[in-house]
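A short worksheet on the structure shown next.
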Amino acid sequence: MSKYREFKGLDLPAIDAEVLEFWNKEEIFKKSIEERSKDNSFVFYEGPPSANGKPGIHHVMARTVKDLFCRYHTMKGERVERKGGWDTHGLPVELKVEKELGITKDDIGTKISIEDYNKECRAAVMKFKGMWDDLTRKMGYWADLDNPYITFENEYIESVWNLLKNLYDQDLIYKGYTIQPYSPAAGTGLSSHELNMPGAYQDVKDTSAVAQFQLIRNEQSEFLYAEKGEGEVYIIAWTTTPWTLPSNTALAVGKKIDYVKIKTYNPYTKLPVNLILAKELLGKWFKLEQAELDFDSYTPEDKLIPYVILQECKGADLEGIRYEQLLPYVQPEDGDAFRVITGDFVSTADGTGIVHIAPSFGADDMRVGKQNGIGSLTLVDKQGKFVDEVTDFAGRYVKDYQDEADYRSVDIDISIKLKEENKAFNVQKYQHNYPHCWRTDKPILYYPLDSWFIKASDKRERMVELNNTINWKPSHTGEKRFGNWLENLQDWNLSRSRYWGIPLPIWRTAGGDAQICIGSVAELSAEIEKANKALGLSQNTPEDLHKPYIDDVILVSEDGREMRREADLIDVWFDSGSMPYAQWHYPMENEEIFNNNFPADFICEGVDQTRGWFYSLHAIASMVKDSVAYKNVVSTGLVLDKNGVKMSKRLGNVIDPFETLAKYGADPTRWYMMTNAQPWDNLKFDIAGVEEVKRKFFGTLYNTYSFFSLYANIDGFEYKEDRIPLSERTEIDRWIISLLNTLIQEVDAEYANYEPTNAGRKIQSFVEDHLSNWYVRLCRRRFWKGDYTHDKIAAYQTLYECLNTVAKLMSPIAPFFGDWLYKNLNEATGLEDHVSVHLSLLPEVDATAIDKALEQRMDYAQRISSLVLSLRKKEKLRVRQPLQKVLLPILDDKFQEQVDLVKDLILSEVNIKEIEYLTDDDGFIKKKIKPNFKTLGRKLGKNMKAAAQHINGLDQAAISAIEKNNQYTLEINGESYELTTEDFEISADEIPGWQVASDGDITVALDITLTDDLKNEGIARELVNRIQNIRKSSDFDVTDRIKVTIESHDVVAASLADYQDYVAMEVLADSITQAATSDGESVELVDGVSVQIAVAKA
RNA sequence: AGUCUCGUAGCUCAGCUGGUUAGAGCACUACACUGAUAAUGUAGGGGUCGGCGGUUCAAGUCCGCCCGAGACUACCA
């Protein structure tokens, strides 16, 4: 005979180990894929992690989400391949290698060859692969670790090239320039990552200047000349980088900002001027008392200069006005410069409310410059010094980049020049936070640098359209965060000046007039062949497509000139965004596989990937395939420590995932992460929560299984009998089966909707509140009591079905325990044809089993029982003491019908003999009436308040009338309303003379009269209880027959006179003897009654 | 600085399209139960629903502003 496995205690880590070994041995993961048809795929893309760092607890979070939906869809019968992958390129890898080798980027090419450097990177990038694979297995994350895609492999690179070529052929790739942080001292651009390194931003004191830009008087600006003082009209703008002023080509104002024109004198030249600045910032540059000064008595020697406001206008009024170039060294050729434009970034936080725009030296400047067709001037070279055209400053460094002993600030000299020329309104030192190059510690410049771009902005609208078809979880990440980002999409800067990454496959002639983009190795070989012939070379196709080998390749243009590769590598985000294609080496091979696996049904990563992987996947798919790359995407939140603080090594609050898994097991960790908060909310990871999940959910479920297996083994229940139809099962069986089917329906829907939290919580509530705490508790006797009857079999079948279904429903989130439970059940019965729950299918809902009326009346039963128990408690009447009756006022016939069907359950649960229904006619019940705000509010509107007061004041007679007639005419403020019982909530309030308890619309009263017979029965129950305790402490088997001897006592004698058979049956006693002494244990039955009881095996 | 999210009991979270005693679990206290027992039941304390204003007969729920936390983006004259 097969037995259910029994255990000494719940040991989740041991279950993990056992199940893991089983999966391994039986290749369950492989089977779970191969047993499903290729025609019914659920496509999942794994976002590649970088294995050059250790995995953290947050990876367990994201991977649980990934894993659970893949497992769910497998259980829905779909084939879910999960190819793993590794992200191997990028700056973090380079930096790590440099740190380990103790070198800097400057040493590459001198101390270490690019070849060796890249070898180091290739080796470093997989450093923690073993650890990652280990975590993957231990947490139960099913992914194909044996055939992952790796972004540094030639085949991967080749696919990426093919995508680039595709874009190139669509004319979506161009070389342009953009403003980037640039270190003249180091001669290199800096990434934002480098700018965010600690210490990059430093407080420095710079010379700041407010320059006066003289307006050109014409039709547009005429309104500013209508009323003005002596001298010219100027707009004033503030800058902390006066060296950018020669490159000024525009001024920006805020559309809605108020500006004023004032009459005053220039503080340096003392010449009369008219200045325009933001009204709000007037106080920053002028003191109040200056406004009160008299112009007529002003002399240039006066310390305080008078001013007066002449005119006010909005920024919008200033738009388009032209001004004289401030320092006319060179004029821009690429646009219509020296105009006032509007910009949304202009604020009145500081300065003058007018921003000096030098498009070459600021990202905002560049952007608004382009938008408005303003030209640009770049009068500083890459070394950081002024070009020759800036005659009087030519060759001077704008910051001290050379550590010159006698460096003189250009900012100061420019300011002096402006002062002298009546072009400066104010010059002063200003302290601010400015980024510095982390290698040279010199201030960086924002400088236009050559880069290759993808013209993503061309496809902006299509990307927005496609995005609207994607199901985002949570929706706001897609609609708001990602949506807004797409609306303002800029071109994608592909270029990175680095060493370890995918080389840009574009070759160009020296002048850049001819170029070619390579889309495959075959194409490269053909072009090399061509070049060899034309140029007399003997190049071979490199075996490794990385630098430096690829840089040696020289190609030839149509007209026979040499072409060399553009030096850049591409952005690593393009690497990872290419994975749908490159993981299959598409289109060079695997076309069919690709077609079956694109786009993805589901992906999942952290929210931080919104503009990272989520974007790069979306952009590439939109541009290359005119398709989404994924249909459903879950973005997970952060995992913080229990105080809501980000985990960091520095704070020492990092949770080691391996430790957690080893101590608590994977399932409680996964379950906790899924059910404590929605995965897209930040999770405050508290290990106590994992403990709680283990104890409450897994502990309860384990107990329920243990209970089941204990008695099923005794009775030899193997589910060999035919399934007993629900109609032949008891009320409570049908109830739990009804709930179970409701659960199947809901959990299935939640999983399908990517709502794992709701799914988990519902399963948990079913197990804890209903299955364990009500069904099993109430049915315990059915399992241990009596023969192997129809009813007992029904109970076993019911509990078995519940456990088996729970095992299935929970297994996506808790794959180990789910499988363990499933196997324990199934291996004893052989009912299902699967060796693992993960090969089984999710149960189908049996809609006919769902009985809402039944669920409702069981809810009544639970609430009524609870009320009775609370009354017992109040009256200090223990449950073992039987009571005669409970009084239950009924409000309608339906209620009585419902309660009647669960009467027996209630009575046995609360140990009461009968229920007496009280109807209205008895005149016992006092009723309470309340308005139903929901229905009445709509009808009454403004009169609601008065009506509520009126209704609360209705007397018993009125209430009865309403119930009887189902009609009430309400007169309020002269208006009349016809109401029905729907518009009221009527409940029993009290039963005069009785202790009552109520919960919502249910009220109960308890008859606490104790007759002798009730007392005797109570004693009998006490006896049973004491004897059972003795049995247990004597370590008797639950099936052992016993002999009982009880010390003589009147109370006992009275009780046993009626209840001896009952007691004997309950405790499996062959005989019960009353004797003078019994040599047994002394126990107290009720207050003041103690006897000795001896128990021996029969 | 911008965009987005969040703010409900000591802690972690529910609270549907606005409807009148704001819920659950944990923790705490007391009592009970004891053939699931490192479980279980009952009762109790504990909340200005971040603040202010508005819409409405009615606001935790809708709107505006502010405060606080976080994420991303940008880096500012």
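Below, each value reflects all heavy atoms present in this structure, side chains not excepted, and no hydrogens, waters or symmetry copies. Throughout, protein chains are lettered first and strands after them, A, B, ... in sequence-line order, and every chain is numbered starting at 1.
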Distance between C1' atoms of B/rC13 and B/rU29 (Å, rounded)
23 Å
Whole angstrom value for the distance that separates C1' of B/rA69 from NZ of A/Lys684
9 Å
When all nucleic acid strands are considered with a 4.0 Å heavy-atom cut-off, which category describes A/Ala677: base, sugar-phosphate, or nothing?
sugar-phosphate
Under 4.0 Å, heavy atoms only, any strand: does A/Ser706 hit a base, just the sugar-phosphate, or nothing?
nothing
Can we say A/Arg695 and A/Glu691 salt-bridge, meaning some charged N sits less than 4.0 Å from an Asp/Glu carboxylate O?
no
Rounding to the closest angstrom, what is the interatomic distance between B/rG60 and B/rU48 at atom P?
13 Å
Tell me which nucleotide among B/rA14, B/rC57, B/rC33 gets nearest to the side chain of A/Met944.
B/rC57
Within the modelled atom types, does a donor on one side and an acceptor on the other bring the side chain of A/Ser772 and the base of B/rA36 under 3.5 Å apart?
yes
Compare the minimum distances between each of B/rA71, B/rC76, B/rU20 and the side chain of A/Val607, then state the nucleotide with the smallest one.
B/rA71
Do the charged groups of A/Asp715 and A/Lys792 touch, with an N to O distance under 4.0 Å?
yes
Mind checking side-chain hydrogen bond (donor to acceptor under 3.5 Å, both in side chains) for A/Asp491 and listing every partner two or more places apart, or none if nothing turns up?
A/Tyr174, A/Ser457
A/Phe783 and A/Tyr711: aromatic ring centres closer than 6.0 Å?
no
Distance, C1' atom - from B/rG54 to B/rG18, rounded to whole angstrom
15 Å
Whole angstroms only, please: what is the CG-C1' distance between A/Asn758 and B/rA24?
14 Å
Is A/Arg761 touching bases, backbone alone, or none of the nucleic acid, heavy atoms closer than 4.0 Å?
sugar-phosphate
In whole Å, I'd like the distance from the CZ atom of A/Phe361 to the P atom of B/rC75.
16 Å
Under 3.5 Å, is there a donor on one side chain and an acceptor on the other for A/Asp365 and A/Tyr446?
no
Does B/rA36 have OP1 or OP2 sitting under 4.0 Å from an N or O in the side chain of A/Arg781?
no
Taking only residues two or more places apart in sequence or in another chain, which ones pass side chain to side chain contact (heavy atoms under 4.5 Å, CB included) with A/Asn1025?
A/Arg880, A/Asn1029
Can you find a side chain N or O atom of A/Lys930 that sits less than 4.0 Å from OP1 or OP2 on B/rU21?
yes
Considering only B/rG25, B/rG19, B/rU37, which nucleotide approaches the side chain of A/Glu692 most closely?
B/rG25
Between B/rA9 and B/rC16 - C1' atom distance, rounded Å:
23 Å
Between B/rG41 and B/rA36, how far apart are the two P atoms, rounded to whole Å?
14 Å
Any donor-acceptor N or O pair under 3.5 Å, side chains A/Ser709, A/Ser706:
no
Would you mind reading off the distance between A/Phe984 atom CZ and B/rG19 atom C1', rounded to a whole angstrom?
16 Å
Length of the CZ-P vector between A/Phe482 and B/rU5, whole Å
17 Å
Mind calculating the distance between OH (A/Tyr430) and C1' (B/rC76) to the nearest angstrom?
9 Å
Under-4.0 Å salt bridge between A/Glu1066 and A/Arg1021
no
Per A/Asn484 side chain, nearest of listed nucleotides B/rC4, B/rA36, B/rC26
B/rC4
Distance between the C1' atoms of B/rA74 and B/rC66, in whole angstroms?
24 Å
Classify the angle between the aromatic ring planes of A/Phe708 and A/Tyr800 as parallel (below 30°), tilted (30 to 60°) or perpendicular (above 60°).
tilted
Give A/Leu638 one of three labels, base, sugar-phosphate or nothing, depending on what nucleic acid heavy atoms sit under 4.0 Å from its own.
sugar-phosphate
Establish whether the base of B/rA71 is bridged to the side chain of A/Arg481 by a donor-acceptor pair shorter than 3.5 Å.
yes
Quick one: A/Lys934 NZ to B/rG18 C1', roughly how many Å, whole number?
9 Å
Where are the stems of RNA chain B, defined as at least 3 consecutive Watson-Crick or wobble G-U pairs with both distances under 3.5 Å?
B:1-7 with B:67-73, B:10-13 with B:23-26, B:28-32 with B:40-44, B:50-54 with B:62-66
Sticking with atom P, work out how far B/rG19 lies from B/rC65, rounded to a whole angstrom.
25 Å
Side-chain contact check for A/Lys945: nearest option of B/rC76, B/rA58, B/rU5 is B/rA58
For A/Ser765, which contact category applies under a 4.0 Å heavy-atom criterion: base, sugar-phosphate, or nothing?
nothing
Are the charged groups of A/Lys934 and A/Glu985 less than 4.0 angstrom apart, N to O?
no
Give the rounded distance in Å between these two atoms: CD of A/Gln490 and P of B/rC72.
20 Å
Quick one: which of B/rU42, B/rA14, B/rC76 gets closest to the side chain of A/Ser866?
B/rU42
How is A/Arg872 classified with respect to the nucleic acid when contacts are heavy atoms under 4.0 Å: base, sugar-phosphate, or nothing?
nothing
Quote, to the nearest angstrom, the P distance that separates B/rU61 from B/rA39.
40 Å
